[in-house]
Amino acid sequence: MSPPPEPRANPDLIGHDDAARTLEEAARSGRLHHAWLIAGPPGLGKATLAYRFARWLLAGQPPPVPGEPPLAVPGGAPAFRRVAAGAHADLFTLAPSLGDKGGKKEVLRAEEARDALRFMAMTAAEGGWRVLVVEALEQVDREVVPNILLKTLEEPPPRTMQLLVTAAPDRLLPTIRSRCRRLDLAPLADPVLDGLLARWLPELSGSDRAGLVGIADGCPGRALLLAEGEGLALQGLVEEVLGSLGQPDPRRWHGLAESVAGRRDAAAVTLFLTLLRRTMAAALRQAGRGGAAPPWIAGRSLADWSVLWDKLGRLADETERLNLDRKQAVLTGLGWLSAR
């Protein structure tokens, strides 16, 4: 079986039945809030839930089907097909686009938000709901976009629904958060994620699946990205680096930096630094709780590790955002690790 389709076309929502049921029950109660903030880590299924709820509303809120999960709409239904194709007249989507800047992520722009505002002010083409889905709300033009969206959050037109998806709710304006009902999604349990990977990537061995589950933090989308981006190989390099901190080998680390920076995927350096920080954070949590932490954690104080964790995060962000030299970025991070 191939990986799942894009969120707007995905008929499945695995592991989030409680969240879907919350939305369905709110709609059936007649007291449905006009805006929902769907929050959780990247790759968890937030956008999939948003589009699932959108097409259920646009399909006329069909009654539950025994044995089917909440918010079910048959794949052959007109609302399902048009939402999947991005062709439903009463659905508007805002999402960061990939521009012509070497594949770098773009932000949601003011002109797109104004288009959404005009859409929400119109009468529903099919006499029902009008739905706005905003993906990755944290990636906005912070000078303008929040204030534009606030206009429709503060004075929502009748029969309109706003579904705001974010991986970083704390980065949003308090005025945005206060006007939405928040719905947090929980990471999937390891056995559930392992089962999904077995379905989606049957060519993977059991040990490789277990490795992906171990670094995906319960997020199926993250697991797929790690599988595509050589996540297991990069995690192996992370563990090699941390395990050799007692006796760092500059020649080996130059070769490692060349290996990471020279991969076909331009995001490999960012992924390497992300996995490095993730492994450090997990060890810090273990040490802070008095658990069995890896030996390398004793090389510096927990406070120093926290400072280094922050520095590596800024390095990853600047490398991607400013298109810095990738090999040098890895060498810089390794240099910080080996410094005492």
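Inter-residue side-chain proximity for P70 and W56 is flagged as unmet; no heavy-atom pair is nearer than 4.5 Å. Residues D18 and R21 meet the side-chain proximity criterion, which asks for heavy atoms closer than 4.5 Å. The shortest side-chain heavy-atom distance between Q235 and L232 does not fall under the 4.5 Å cut-off. Here the side chains of R82 and L58 are not in contact, with every heavy-atom distance at 4.5 Å or above. A heavy-atom distance below 4.5 Å is found between the side chains of S306 and L284. Within the 4.5 Å cutoff, no side-chain heavy atoms of V134 are placed close to those of Q162. Put simply, the side chain of H16 does not reach to within 4.5 Å of the side chain of I38, judged on heavy atoms. No side-chain heavy atom of L23 sits less than 4.5 Å from a side-chain heavy atom of R52.
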Practice problem: Determine, step by step, whether D12 and R199 satisfy the side-chain contact (heavy atoms from CB on, under 4.5 Å) criterion, reporting the C-alpha distance in whole Å, the side-chain angles of both residues, the deciding distance to 0.1 Å, and the verdict. | Solution: CA-CA 13 Å; D12 299 319; R199 286 171 50 196; 4.0 Å; yes

Exercise. Output, in order, the C-alpha distance, side-chain angles, deciding distance and verdict of side-chain contact (heavy atoms from CB on, under 4.5 Å) for D217 and R278.
Key: CA-CA 10 Å; D217 299 324; R278 180 199 173 278; 3.1 Å; yes

Exercise. Please assess H88 against R55 for the test side-chain contact (heavy atoms from CB on, under 4.5 Å), listing each intermediate value before the final yes or no.
Key: CA-CA 9 Å; H88 200 292; R55 66 174 172 250; over 6 Å; no

Quiz item: Do L308 and D304 pass the side-chain contact (heavy atoms from CB on, under 4.5 Å) test, and can you show the C-alpha distance, the side-chain angles, and the key distance before you say yes or no?
Solution: CA-CA 6 Å; L308 181 54; D304 285 346; over 6 Å; no

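Annotation for F80 and G75: closest pair CD2-O, 3.6 Å, computed over non-hydrogen atoms. Among all heavy-atom pairs drawn from V133 and A54, the shortest one is CG2-CB, 4.4 Å. The two residues L49 and A19 come nearest to each other via the heavy atoms CD2-CB, 4.0 Å. Smallest separation of non-hydrogen atoms from W296 and L242: CB-O, 3.3 Å. Of all non-hydrogen atoms in A9 and P5, the two that sit nearest each other are O-CG, 3.5 Å. A pairwise comparison of heavy atoms in D194 and A210 identifies OD1-N, 4.3 Å as the closest pair.
Tested against Y51, the residues T93, L13, V165 include a single side chain to side chain contact (heavy atoms under 4.5 Å, CB included) partner, T93.
A donor-acceptor pair under 3.5 Å links the side-chain atoms of K46 to the main chain of P41, judged by distance alone. Counting only distance, with no hydrogens or angles, the side chain of W36 and the backbone of L163 share no donor-acceptor pair below 3.5 Å. Between the side chain of R81 and the main chain of G76, a donor-acceptor pair closer than 3.5 Å is present. At least one donor-acceptor pair closer than 3.5 Å links the side chain of R8 to the backbone N or O of V83.
Annotation: the span from I176 atom CD1 to R179 atom CZ amounts to 8.0 Å, rounded to 0.5 Å. Rounding to the nearest 0.5 angstrom, the gap separating the CD1 atom in I215 from the CG atom in L275 is 5.5 Å. In this structure, the separation between NE2 on H34 and CD on E155 is 10.0 Å, given to the nearest 0.5 Å. In this structure, CZ in R114 is found 11.0 Å from CG in L149, a value given to the nearest 0.5 Å. With rounding to the nearest 0.5 Å, the separation of CD in E230 from CG in L237 is 9.5 Å. N10 CG to T48 OG1: the interatomic distance, rounded to the nearest 0.5 Å, is 4.5 Å.
Within a 6.0 Å sphere centred on CD of E6, heavy atoms belonging to other residues, nucleotides or ligands number 12 at most. The number of heavy-atom neighbours closer than 6.0 Å to CD of E154, taken from other residues, nucleotides and ligands shown, is above 12. More than 12 heavy atoms of other residues, nucleotides or ligands sit less than 6.0 Å from atom CH2 of W305.
Residues V238 and W336 fall within the same hydrophobic cluster, defined by Ile, Leu, Val, Met, Phe, Trp and Tyr side chains chained together at heavy-atom separations under 4.5 Å. The hydrophobic cluster containing L271 also contains L315, counting ILVMFWY residues as joined when their side-chain heavy atoms lie under 4.5 angstrom apart, directly or transitively. At a threshold of 4.5 Å between side-chain heavy atoms, the hydrophobic network of Ile, Leu, Val, Met, Phe, Trp and Tyr places L276 and L212 in one connected group. By the rule that hydrophobic residues join a cluster once side-chain heavy atoms approach within less than 4.5 Å of another member, I14 and L204 end up as members of one cluster. The hydrophobic cluster containing L57 also contains L91, counting ILVMFWY residues as joined when their side-chain heavy atoms lie under 4.5 angstrom apart, directly or transitively.
In this pair, F119 and F92 present their aromatic rings tilted. The plane angle is within the 30 to 60° band.
Salt bridge present: R28 and E24 bring a charged side-chain N and a carboxylate O closer than 4.0 Å. Ionic pairing of R314 and D317 is not present here: no N-O contact between side-chain nitrogen and carboxylate oxygen is shorter than 4.0 angstrom.
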